[in-house]
Amino acid sequence: IQPFELNPMQQLIEEKIASARAAGRPPRIAILKPRKLGVSTGIGGRFFFETATQRYQQGVVIAHRGKAVKQIFSIYERFYNNLPVVNGINLRPKRVGARGSELYFPELDSGLYVEAASGDIRAGEAQRVHLSELGFVDEPEDLLAAVMPYVPKTPESCVVIETSSPGKDHWFYGFWQDCEDTKYGWSRLFRAWMIEPSFAIAPGLAEEEWTDVEREYVTEYGLTPEQL
């Protein structure tokens, strides 16, 4: 286990949240992403911190399928289980109801749970909502419409939608094109895989071995030999 340090994509998510709150707006962020950039981990770190340190907070994470519930909840479990003891003080709030995919802190009356989009979404106010891989959920527009009324429109709240691309024929494509209009009021965030420094292999490919396509990528997108 290493100390949690934000990677470039996670830093951008934090900046989006901070920017909206500084402007007095509730953060509403739509993320279009490649895989393995740590988006769910970055969102999880923010949501866990705010849930485990404040009173009367509720967080909801909705995964696109049942198998992903366990994967995402393990992020929150890892954060909780590895909170340090500082100057003799255990930073972990007391936890009860350690079942399935839910964290509940009774002394704060705060909690967070992860569930699949295919299940019955629990009603109730939630200050933080993460819809994971929304582009691969059945009836995503209905899911978003069902969840949003339960989120208070305050800067302290936060809703993040993220997905890899489901294609131009999917509902998410139209939502993405329009989401910064006043109709939606969402802030978009997209970065390609090149933003992640670890997505590189040394030694890099020698220039004389580049294909025409790889040479074009270097010229147009600034790829390094290690990224080819």
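Owing to the predicted nature of the structure, the values given are computational and were not obtained by experimental measurement.
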- Task: Name all residues meeting the side-chain hydrogen bond (donor to acceptor under 3.5 Å, both in side chains) criterion together with Q71; count only those two or more places apart in sequence or in a different chain, and write none if there are none.
- Result: none

- Of all the heavy-atom pairs spanning F199 and L37, show the shortest one and how long it is. CE1-CD2, 3.7 Å

- Message: Below 30° counts as parallel, above 60° as perpendicular, anything between as tilted: where do the rings of F175 and F172 land?
- Response: tilted

- Applying ring-ring contact (aromatic ring centres under 6.0 Å, His included) to Y173 and not counting sequence neighbours gives none

- Any residue meeting side-chain hydrogen bond (donor to acceptor under 3.5 Å, both in side chains) with N81, in chain and number order, not counting sequence neighbours: none

- Message: Under the ring-ring contact (aromatic ring centres under 6.0 Å, His included) definition, can you give me all pairs with a residue in residues 8-47, not counting sequence neighbours?
- Response: none

- Under 3.5 Å, is there a donor-acceptor pair linking the side chains of S157 and Q127? no

- Does the H170 side chain pair with the main chain of G135, one donor and one acceptor, at a distance under 3.5 Å? yes

- For R191, the salt bridge (Lys or Arg N to Asp or Glu O under 4.0 Å) test, sequence neighbours excluded, returns none

- Listed by chain and number, what are the side-chain hydrogen bond (donor to acceptor under 3.5 Å, both in side chains) partners of E15, not counting sequence neighbours? none

- The side-chain hydrogen bond (donor to acceptor under 3.5 Å, both in side chains) partners of E50 (sequence neighbours excluded) come to R21, R46, R128

- Task: Hey, could you give me each pair passing salt bridge (Lys or Arg N to Asp or Glu O under 4.0 Å) that has a residue in residues 62-73? Not counting sequence neighbours.
- Result: none

- Query: What heavy-atom pair brings Y80 and R92 nearest, and what distance separates the two atoms?
  - Reply: O-CD, 2.7 Å

Donor-acceptor list for residues 215-223 side chains, cut-off 3.5 Å, not counting sequence neighbours:
| residue | atom | partner | partner atom | Å |
| --- | --- | --- | --- | --- |
| R215 | NH1 | E207 | OE2 | 3.4 |
| R215 | NH2 | E207 | O | 3.3 |
| T219 | OG1 | R215 | O | 3.1 |

- Are side-chain heavy atoms of I13 and K16 found at a separation under 4.5 Å? no

- Task: Spell out, yes or no, whether F49 and I17 are grouped together once hydrophobic residues are joined by side-chain heavy atoms under 4.5 Å, including indirect joins.
- Result: no

- Note on the structure: Taken in chain and number order and not counting sequence neighbours, the residues that satisfy side-chain contact (heavy atoms from CB on, under 4.5 Å) with P225 are W210

- Message: Suppose we screen for ring-ring contact (aromatic ring centres under 6.0 Å, His included). Which residues come up paired with F136, at least two apart in sequence or across chains?
- Response: none

- Using a cut-off of 6.0 Å, state whether more than 12 heavy atoms not belonging to Q2 lie near its atom CD. no

- Among all residues two or more places apart in sequence or in another chain, which pass the side-chain contact (heavy atoms from CB on, under 4.5 Å) test with A192? F190, M194

- Please report the C-alpha distance between K33 and E162 in whole Å, then the side-chain angles of each, then the deciding distance to 0.1 Å, and finally whether the salt bridge (Lys or Arg N to Asp or Glu O under 4.0 Å) criterion is met. CA-CA 7 Å; K33 64 182 182 69; E162 46 87 359; 3.6 Å; yes

